[in-house]
2 protein chains.
Amino acid sequence: MTTSDALAAPRRRQARADSTRLALLDAAVQEFAAHGFDGASTRAIAARAATHQPQINYHFESKEALWRAAVDHLFSKLDALLGEVMPQGPDDRPVASREVFAATIRAFVRAVARLPELNRIMVQEATADSPRLAWIVERHTRPRFALLTGAWRTLRETGSVPGIDETVLYYSMVGAASLAYVNAAEARLLGVDPISDAFVEAHGEALVTMILGPD
Amino acid sequence: MTTSDALAAPRRRQARADSTRLALLDAAVQEFAAHGFDGASTRAIAARAATHQPQINYHFESKEALWRAAVDHLFSKLDALLGEVMPQGPDDRPVASREVFAATIRAFVRAVARLPELNRIMVQEATADSPRLAWIVERHTRPRFALLTGAWRTLRETGSVPGIDETVLYYSMVGAASLAYVNAAEARLLGVDPISDAFVEAHGEALVTMILGPD
DNA sequence: GAGCTTCTTTATCGATCGATCGAATTCGTC
DNA sequence: GACGAATTCGATCGATCGATAAAGAAGCTC
């Protein structure tokens with residue numbers, strides 16, 4: 001009895017499948033970010049990926065499974081952009097010196113500026129209760145929320161930063177960092193170019209000053 | 001020749017029409033804020049308003065006209081909540097003392113906390129280019145953008161506030177003020193109650209400190 | 001209360017939605 | 001190069017979308 005006898009016949013995944021799958025993921029990110037889950041159509045996603053609509057149900061089980069895969073895809077890009085700017089100590093407590101937090105703010109602003117689709121999807125989903133919101137909160141939001149609020153609490157205990165509640169700080173910081181890029185289409189109509197390096201860098205410095213104070 | 005001869009026959013508007021119209025407006029605000037323009041269905045709006053779907057096309061010309069009326073409806077509520085916190089001088093230059101700006105920030109936070117639907121709709125529309133975005137920017141966003149950035153510029157010239165670019169400040173302030181309420185469903189899953197008076201007041205004070213500095 | 005207008009309701013149109021099926025095609029392996 | 005699995009493609013299902021038409025009910029004027 002060989003190993004292949006006891007197992008199901010091995011699937012031979014082909015390269016073209018991975019290519020189609022990735023194209024669908026990137027297209028789904030764009031469409032979901034632009035029109036929301038309900039507003040995005042599987043046909044528009046397939047067309048943007050230069051393939052046909054039934055491919056979605058072949059490579060993913062449903063529109064919702066495609067959405068989840070696209071969100072995972074986006075968050076992995078975020079982690080790659082953020083890198084290791086907020087290291088954790090050996091006891092899982094975040095290392096939160098003032099300098100580390102400032103670097104985190106700058107890196108966060110640069111990351112959300114380059115991944116506007118992520119916060120667009122977050123805001124579209126966080127707006128109303130849904131199974132998708134519960135999924136994304138437990139899988140992605142809560143660990144990051146815990147990390148940032150924990151870092152702020154330990155930093156606040158040193159007394160060198162404003163005494164702002166950590167949940168207030170979380171939403172103020174994330175909102176202040178992301179809106180210009182979430183609303184990039186609006187900003188351009190107002191004469192602002194939020195994607196420019198000048199804006200992003202000024203934005204990062206402004207947030208460091210606002211959050212950590214003028215020390 | 002009487003006056004009625006030359007004019008079209010006067011329409012006799014009935015009270016029940018105004019009632020239906022208002023119910024549709026309130027329902028549309030909720031549905032558009034929760035699901036976006038594409039995701040909101042006219043049948044769901046009509047059901048929430050306890051009426052029938054064709055009433056939308058009777059009282060408004062189309063789904064899009066209903067959306068515009070709902071947005072106007074929301075912004076008039078915002079103006080009512082904001083009141084006269086940022087008065088303008090006789091030459092149309094905003095009166096922007098530090099105290100006036102601080103009061104504006106506090107009033108703004110309270111207002112967006114009580115009107116989360118407005119920023120939800122704004123964020124859903126500002127995400128992608130569309131005729132609706134152009135309409136809302138010219139009609140509602142641009143004048144408010146000009147007022148706030150103008151006030152910040154004059155205030156910054158006095159030198160007593162951080163030297164932050166006015167467009168950076170606009171998106172940082174609006175984003176920091178609104179995200180907790182836009183994402184209220186998410187916040188509740190994270191154990192935060194952004195609607196509570198305690199949160200809103202702490203949030204307002206935190207933003208005043210962050211934006212105007214610790215003077 | 002007769003007669004006309006305003007408003008509401010029911011029924012239905014063509015278009016598009018997500019999903020599924022089966023045939024056609026391509027790929028990897030022997 | 002032949003066989004079988006993996007993938008792509010064309011067609012179509014029932015459901016739902018926004019919008020419209022026409023009938024019915026209610027309100028106002030004289």
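No experiment lies behind these values; they were computed from the predicted model shown. A, B, ... follow the sequence lines: proteins, then strands. Residue 1 opens every chain. Side chains are part of it too, since the values below use all heavy atoms of this structure and drop only hydrogens, waters and symmetry mates.
Shown here are the side-chain contact (heavy atoms from CB on, under 4.5 Å) partners of Ala23(B), two or more places apart in sequence or in another chain: Ala49(B). Remark: Glu205(B) pairs with Arg106(B) by the salt bridge (Lys or Arg N to Asp or Glu O under 4.0 Å) rule, at least two apart or across chains. Partners of Phe145(B) by ring pair (Phe, Tyr, Trp, His ring centres under 6.0 Å), not counting sequence neighbours, listed by chain and number: Tyr170(B). His140(A) is linked by a ring pair (Phe, Tyr, Trp, His ring centres under 6.0 Å) to Phe75(A), Trp135(A), counting only residues two or more places apart in sequence or in another chain.
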Heteroatom pairs (N/O) under 3.5 angstrom, protein to nucleotides 20-26 of chain C:
unit_1, atom_1, unit_2, atom_2, d
dT26(C), O2, Arg16(A), NH2, 3.2

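In the region residues 22-44 of chain A, proximity to DNA chain D at under 4.0 angstrom, judged on heavy atoms, holds for Arg43(A).
Taking atom NE2 of His52(A) as the reference point, atom P of dT8(D) lies 11 Å away to the nearest angstrom. Note: CD1 (Ile45(A)) to P (dC17(C)) measures 11 Å, nearest angstrom. Atom CZ of Phe60(B) is separated from atom P of dA19(D) by 13 Å (rounded to the nearest Å). The NE2-C1' distance, from His59(A) to dT8(D), rounds to 8 Å in whole Å. dC9(D) atom P lies 13 Å from atom CD1 of Ile56(A), rounded to whole Å. Distance CD (Gln55(B)) to P (dA26(D)): 14 Å, rounded to an integer number of Å.
Under the salt bridge (charged side-chain N to carboxylate O under 4.0 Å, His left out) criterion, the residue pairs touching residues 32-60 of chain A are Glu31(A)-Arg48(A), with sequence neighbours excluded. Pairs passing the side chain to side chain donor-acceptor pair (under 3.5 Å) check and including a residue from residues 182-199 of chain A, sequence neighbours excluded, read Glu186(A)-Tyr171(B).
When all heavy atoms of Val182(B) and Asn119(B) are compared, the pair lying nearest together is CG2-CB, 3.4 Å.
For Thr51(A), counting side-chain heavy atoms from C-beta on, the closest listed nucleotide (dT8(D), dT9(C), dC9(D)) is dC9(D).
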Result block: side-chain N/O donor-acceptor pairs under 3.5 angstrom for residues 173-181 of chain B, not counting sequence neighbours:
unit_1, atom_1, unit_2, atom_2, d
Ser178(B), OG, Val174(B), O, 2.7
Tyr181(B), OH, His203(B), ND1, 2.8

